[in-house]
Amino acid sequence: MLPLKFSIQRARNLKALKPSIFALRSSYYFSTGVVEPSSSLRSPPRVPNLIGGKFVDSQSSSTIDVINPATQEVVSQLPDIDKLAMNITTEQGKTLKDAHGDVFRGLEVVEHACGMATLQMGEYVPNVANGIDTFSIREPLGVCAGICPFNFPAMIPLWMFPVAVTCGNTFVLKPSEKDPGASIILAELAMEAGLPNGVLNIVHGTNDVVNAICDDDDIRAISFVGSNTAGMHIYSRASAKGKRVQSNMGAKNHAIVLPDANTDATLNALVAAGFGAAGQRCMALSTVVFVGDSHSWENKLVELAKSLKVNAGTEPDVDLGPVISKQAKERVCKLIQSGVESGARLLLDGRNIVVPGYKDGNFIGPTILSGVTADMDCYKEEIFGPVLLCMKADSFEEAIHIVNRNKYGNGSSLFTASGAAARKFQTEIEAGQVGINVPIPVPLPFFSFTGSKASFAGDLNFYGKAGVNFYTQIKTITQQWKDLPGGSGVSLAMPTSQ
Ligand code: NAD
């Protein structure tokens, strides 16, 4: 726990700083070239903490191995390369192209945060009463913290610390223990770009470190992204300590397909959003509700999914890599089996896939279950693997009802050629991020990431205006500048504006 304590102290001792947003901007232009994977390393380096601007070895005698999901080899306990995308692929398993997307979507937030001067502008009303002006300003909170999941090792840290530090806060980042390397590389780049020492700090670990972050009196706000189990625990523990918490959690995103939709474009979108990143995206489309005749498109869907190439993320032309761990693979396979046992039809089974050269990898091929119903475990639980569930509805209304009954509300998409249907959908659907002929409707950072229902706890979302509000405290100032009349006596009545 010592590194955490030091890093919080260091962060607290700094006066709230306004790092140069122009310096930060230059971090946008780094390259993510390809180098040899570090998976063959015999004795992997230890991932250091970052405290007060120095990378320091942890004092802990225990370590957590970072495992390459394609080979089971210990990649590193921190990579010593500067190649972000390759690091993501070797630690997380996603394809290199997808890893570049991971970085790119995060850099969009950095770019947005570069406009912080205008984003955090307050409000001013002159002469609200005779000689009195009122204005509001947004001030930094102090020390903020972020706790990250494994599935976007670059994008999710970049949802957090660039916004927090440009608002004037210091930050303690706890990356996922499964793929911490990208956070370290990002921190190096931020410091190279001019971020003052101690503004961004990184601590590694699991539950104990997270609990210490929740309990620490100096930390004022926590950003969390991950599962519901961890997210609700952190939300209640940290809120009980009076902290602000924004908690982005699990999902079960549905697509509704109407028969008038463009068949090929819709099927391409379903396959990309269902199986991309091996289904390990919180905005993956994991359930399709076919309305009426569109149900007959299932066969074509299977053919398209069969054509996808499963391999290690570093291989050329690969579509999906392995899932993050052996335990994750076991869990996904168990949920597929439970679907079969409760009556779903397995149209495509990826469980026994063999990937030449990577016999130990956690690979699961694209899997499609049809005839899924809302009472099945495979439907009720987030699978977080390359598994697409197909349901059927007789009418558009029934399909909307199915989606709205689901407890999650991260995202939902409609595929149609009808403007009237699209308008009905955007009005009636109970999900925080809505796509119309767009499979993964993650907004650009001038909007916010607006998951709802069980997919989010808190009331200020990540990035966008809400993100700025989350990391700042509003202060409202009322000032009077006029020649004050003397001799009018003391009035104890409630002051009114006149
Ligand atoms: P996870 O909850 O297992 O881990 C996330 C973080 O919480 C890690 O840093 C981990 O160390 C910590 N943690 C885990 N269990 C904890 C506990 N009991 N107490 C304290 N800390 C704990 O999540 P994951 O497997 O890394 O990520 C996958 C999940 O994240 C999925 O549910 C996915 O939907 C979700 N996710 C959501 C979003 C979103 O924006 N809604 C984005 C990405 C991922």
Side-chain angles (χ1 to χ4, degrees), residues 4 47 64 66-67 69 91-94 102 105-106 109 145-160 172-180 182-183 202-215 222-238 245-253 276-287 323-325 327-329 331-332 335 362 381-385 406-412 431-433 440-443 445 448-458 461-464 466-467:
L4 173 65
V47 181
I64 304 163
V66 178
I67 306 285
E91 285 193 0
Q92 201 273 351
K94 64 177 70 175
D102 188 334
R105 291 305 303 249
V109 180
I147 299 159
C148 303
F150 78 84
N151 66 329
F152 281 101
M155 181 184 79
I156 288 176
L158 289 173
W159 283 2
M160 301 175 178
V172 178
L173 182 72
K174 208 288 289 169
S176 169
E177 64 279 10
K178 298 191 176 87
D179 45 20
S183 286
I202 300 178
V203 291
H204 302 287
T206 54
N207 303 14
D208 288 350
V209 171
V210 170
N211 288 339
I213 288 173
C214 293
D215 295 345
I222 297 181
S223 301
F224 170 80
V225 180
S227 66
N228 282 64
T229 311
M232 288 317 296
H233 163 73
I234 290 162
Y235 184 79
S236 48
R237 187 161 178 152
V245 185
Q246 52 177 194
S247 181
N248 265 14
M249 298 176 287
K252 197 82 180 177
N253 306 308
Q280 296 173 116
R281 291 182 184 137
C282 64
M283 286 292 281
L285 275 182
S286 53
T287 306
V323 295
I324 187 69
S325 64
Q327 294 82 348
K329 179 174 175 173
R331 193 183 152 273
V332 172
L335 282 165
N362 314 317
E381 284 193 39
E382 181 184 35
I383 299 180
F384 224 55
N406 192 281
K407 70 172 178 173
Y408 294 109
N410 226 25
S412 186
Q433 297 170 105
I440 302 188
V442 176
S448 296
F449 188 101
T450 53
S452 63
K453 293 159 73 180
S455 299
F456 180 69
N461 297 104
F462 280 79
Y463 58 80

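Computed over heavy atoms, backbone and side chain alike; hydrogens, waters and symmetry mates excluded. One-based numbering, in listed order, for ligands and for the atoms of each.
- For atom 9 (O) of ligand 1, a protein non-hydrogen atom is found at a distance below 4.0 Å.
- Listed by number with element, the atoms of ligand 1 under 4.0 Å from a non-hydrogen atom of I147 are 6 (C), 7 (O), 9 (O).
- Residues F462 and V225 form a side-chain contact, since some pair of their non-hydrogen atoms from C-beta on lies under 4.5 Å apart.
- For a threshold of 3.5 Å applied to N or O pairs, the pair formed by V210 and ligand 1 contains no separation below that value.
- Counting heavy atoms under 4.0 Å from ligand 1, residue F224 touches it through the side chain alone.
- With rounding to the nearest 0.5 Å, the separation of CG in D179 from CD1 in I67 is 12.0 Å.
- Taking a cut-off of under 4.0 Å to the non-hydrogen atoms of N410, the atoms of ligand 1 that pass are 41 (N).
- Judged by the shortest distance from any of its heavy atoms, W159 lies inside the 4.0 Å radius around the atoms of ligand 1.
- Here the side chains of M283 and P441 are in contact, with some heavy-atom distance below 4.5 Å.
- Taking only nitrogen or oxygen atoms, main chain and side chain alike, F150 reaches within less than 3.5 Å of ligand 1.
- Residue S227 places at least one N or O, backbone or side chain, under 3.5 Å from an N or O of ligand 1.
- Counting the atoms of ligand 1 from 1 in the order shown, those under 4.0 Å from a heavy atom of M249 are 34 (O), 37 (C), 38 (C), 39 (C), 41 (N).
- Geometrically, ligand 1 and A230 share no nitrogen or oxygen pair separated by less than 3.5 Å.
- Side-chain atoms of N151 and I156, non-hydrogen and from C-beta on, do get closer than 4.5 Å to each other.
- Between K174 and ligand 1, at least one N/O pair is under 3.5 Å apart.
- In this structure, G451 has no heavy atom closer than 4.0 Å to ligand 1.
- Considering each of P149, G226, G432, the one bringing a non-hydrogen atom nearest atom 29 (C) of ligand 1 is G226.
- Inclusion of E382 in the set of residues having an N or O under 3.5 Å from an N or O of ligand 1 is warranted.
- Taking 4.5 Å as the limit, some side-chain heavy atom of F152 sits within range of a side-chain heavy atom of R281.
- C148 O, 3.4 Å is the protein heavy atom nearest to atom 6 (C) of ligand 1.
- In this structure, T229 has no heavy atom closer than 4.0 Å to ligand 1.
- Taking the ring centre of F224 as origin, the terminal cationic atom of K174 falls outside the region bounded by 6.0 Å and 45° from the ring axis.
- Between the side chain of K453 and the main chain of N410, no donor-acceptor pair closer than 3.5 Å is present.
- With hydrogens and angles ignored, the 3.5 Å screen pairs no side-chain donor or acceptor of Q92 with any backbone N or O of P153.
- Residue N248 has at least one N or O atom closer than 3.5 Å to an N or O atom of ligand 1.
- The protein heavy-atom contact nearest to atom 36 (N) of ligand 1 is C282 CB, 3.7 Å.
- Every atom of ligand 1 is numbered from 1 in the order shown, and the set under 4.0 Å from a heavy atom of N151 is 43 (C), 44 (C).
- Applying the 4.0 Å criterion to heavy atoms of F384 picks out, from ligand 1, the atoms 28 (C), 31 (C), 33 (C), 34 (O).
- Listed by atom number, the atoms of ligand 1 under 4.0 Å from I156 heavy atoms are 42 (C), 43 (C).
- The closest donor-acceptor contact from the side chain of N253 to the backbone of G411 lies under 3.5 Å.
- The proximity of E177 to ligand 1, defined as any non-hydrogen pair under 4.0 Å, is limited to the side chain.
- Residues L173 and C148 are in side-chain contact: their nearest non-hydrogen atoms beyond the backbone lie under 4.5 Å apart.
- Two residues are said to be in side-chain contact when any heavy atoms from C-beta on lie closer than 4.5 Å; F150 and E177 fail this criterion.
- Protein heavy atom at the shortest distance from atom 18 (N) of ligand 1 is N207 ND2, 3.4 Å.
- In this structure, the side chains of F449 and C282 come closer than 4.5 Å at one or more pairs of heavy atoms.
- Within the 4.5 Å cutoff, the side chain of C214 has heavy atoms near those of the I222 side chain.
- Contact atoms of ligand 1 toward F449: 40 (O) (distance under 4.0 Å to a heavy atom of the residue).
- Interatomic distance, M160 CE to M155 CE, rounded to the nearest 0.5 Å: 10.0 Å.
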